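Right, one structure below, let's go through it.
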There are 2 protein chains.
Amino acid sequence: MSDLLGRLRGRGWRMTAQRRVVAEVLDGEHVHLTADEVHARAVAKLPEISRATVYNTLGELVSLGEVLEVSTDKRAKRYDPNAHRPHHHLVCAQCGAIRDVHPTGNPLADLPDSERFGFTVSDVEMTYRGLCPNCSTA
Amino acid sequence: MSDLLGRLRGRGWRMTAQRRVVAEVLDGEHVHLTADEVHARAVAKLPEISRATVYNTLGELVSLGEVLEVSTDKRAKRYDPNAHRPHHHLVCAQCGAIRDVHPTGNPLADLPDSERFGFTVSDVEMTYRGLCPNCSTA
DNA sequence: GCTTGACTTAGACAAGGTCCATTGTAGGAT
DNA sequence: ATCCTACAATGGACCTTGTCTAAGTCAAGC
């Protein structure tokens with residue numbers, strides 16, 4: 001994650017304790033925290049950090065392309081630090097567990113011109129749904 | 001849409017002016033209204049209808065499988081009456097316009113076992129993003 | 001045309017998120 | 001090393017979306 005911090009500094013990001021903590025919290029694979037979860041973990045490391053700062057920082061990370069906003073859950077947005085390898089998501093319909101997945105195939109090519117309605121299509125987002133091992137045995 | 005009303009009555013739904021109005025508002029192709037938009041249009045036809053009733057009715061339509069909940073936009077849920085032909089969505093990243101689309105191919109088959117993490121996968125939801133004709137010329 | 005249980009209503013409430021005026025501080029200039 | 005200042009953080013008000021509840025209303029069977 002020091003990578004991320006370096007990259008950010010390179011882009012003229014002003015480095016503060018708060019921003020560092022938010023970036024640290026978002027480290028890892030299969031990490032998909034809500035803003036509130038990020039805030040809770042950030043508070044553990046830096047008790048004075050405010051909710052607004054967490055929201056601001058997350059928003060900045062998203063617009064810098066370092067973090068993805070995911071909305072698999074229909075309530076809160078989730079933040080996914082794995083922005084540099086394109087991927088999709090697999091979500092447990094019951095408990096909400098999320099995995100990053102990499103389907104084969106090229107879904108963009110699967111949308112015929114006749115179904116594009118004149119749009120310039122640039123991206124697809126796929127959300128697989130099912131039951132995770134835990135929830136399917138229960 | 002009289003179809004829908006008939007089907008609902010057949011399932012023991014008590015028919016009220018409010019429910020009829022909500023069902024009417026949701027008629028059509030490429031319709032993806034938020035709950036508030038549904039409410040606004042319903043009020044135009046039946047001024048006394050309350051927000052809670054619209055939410056209740058939408059929720060019932062969803063659990064009866066007559067209407068789909070879509071969350072292409074990261075804010076409010078949208079309601080899609082086209083529940084009987086499976087389809088995906090194409091969204092304008094700028095103005096939010098939504099079209100129903102039918103890609104070829106079978107995305108479920110594109111998720112290898114090694115990427116399933118033991119889940120029982122049952123469904124995929126695809127959201128294509130791009131710019132609509134209007135927004136891409138601007 | 002009565003009855004009754006399902007439906008509707010208004011408004012309070014909750015969660016997630018945004019905004020803003022004020023205070024604090026990173027990092028360049030001296 | 002210290003000072004400055006533009007940018008960042010704070011906390012609290014506020015907004016939007018959605019849910020809940022208690023009381024009143026009404027569709028539909030008798």
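Being a predicted model, the structure only gives us computed values, none of them experimental. For the numbers below, each heavy atom of this structure counts, side chains included, while hydrogens, waters and symmetry mates do not. In what follows, every chain begins at residue 1, and chains take the letters A, B, ... in the order their sequences are listed.
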Original post:
To the nearest angstrom, how far is B/L8 atom CG from C/dA6 atom P?
Top reply: 18 Å

Original post:
Rounded to the nearest Å, what distance is computed from the CG atom of residue B/D36 to the P atom of nucleotide D/dT19?
Top reply: 12 Å

Original post:
Rounded to the nearest 0.5 Å, how far does CG of B/N82 lie from CG of B/D100?
Top reply: 5.0 Å

**OP:** Select from B/A52 and A/L46 the residue whose nearest nucleotide in DNA chain D is closer to the 5' end of that strand.
**Re:** A/L46

Subject >> Length of the line joining B/R9:CZ and D/dG29:P, which is rounded to integer Å >> reply: 10 Å

Subject >> Residue met sooner reading DNA chain C from 5', once A/Y79 and B/V54 are mapped to nucleotides >> reply: B/V54

Original post:
Looking at A/T16, does any N or O in its side chain come under 4.0 Å of the phosphate oxygens OP1/OP2 on D/dC7?
Top reply: no

**OP:** Dump the intermediate steps for ring pair (Phe, Tyr, Trp, His ring centres under 6.0 Å) on A/H39 and A/Y55, then the final yes or no.
**Re:** CA-CA 9 Å; A/H39 180 233; A/Y55 277 100; 8.3 Å; no

Original post:
Of B/M15 and B/R75, whose nearest nucleotide on DNA chain D comes first from the 5' end?
Top reply: B/R75

**OP:** Would you kindly give the CZ-to-C1' distance between A/R78 and C/dG16, to the nearest whole Å?
**Re:** 13 Å

Original post:
B/R19 side chain N/O closer than 4.0 Å to the phosphate oxygens (OP1, OP2) of C/dT8?
Top reply: yes

**OP:** Find the distance B/R20:CZ to D/dC26:C1' and express it as a whole number of Å.
**Re:** 13 Å

Original post:
Can you find a side chain N or O atom of A/Y55 that sits less than 4.0 Å from OP1 or OP2 on C/dG17?
Top reply: yes

**OP:** State whether the number of non-hydrogen atoms from other residues, nucleotides or ligands found under 6.0 Å of A/R41 atom CZ is greater than 12.
**Re:** no

**OP:** Check whether the side chain of B/R14 and the base of C/dC7 form a donor-acceptor pair under 3.5 Å.
**Re:** no

**OP:** Tell me whether the OP1 or OP2 atom of C/dT9 has a side-chain N or O from B/T53 closer than 4.0 Å.
**Re:** yes

**OP:** Provide, to the nearest angstrom, the distance between the CD atom belonging to A/Q18 and the P atom belonging to D/dA9.
**Re:** 5 Å

Original post:
Do B/R51 and D/dG18 share a donor-acceptor pair, side chain to base, under 3.5 Å?
Top reply: yes

Subject >> Atom-pair distance (CG on B/N56; P on D/dT21), nearest Å >> reply: 12 Å

Original post:
Just by distance, with hydrogens left out, do A/H89 and A/E125 show a side-chain donor and acceptor under 3.5 Å apart?
Top reply: no

**OP:** Can you tell me the distance, in whole Å, between the NZ atom of B/K77 and the P atom of C/dG16?
**Re:** 13 Å

Original post:
Roughly how far apart are A/D80 CG and A/H32 NE2, rounded to 0.5 Å?
Top reply: 4.0 Å

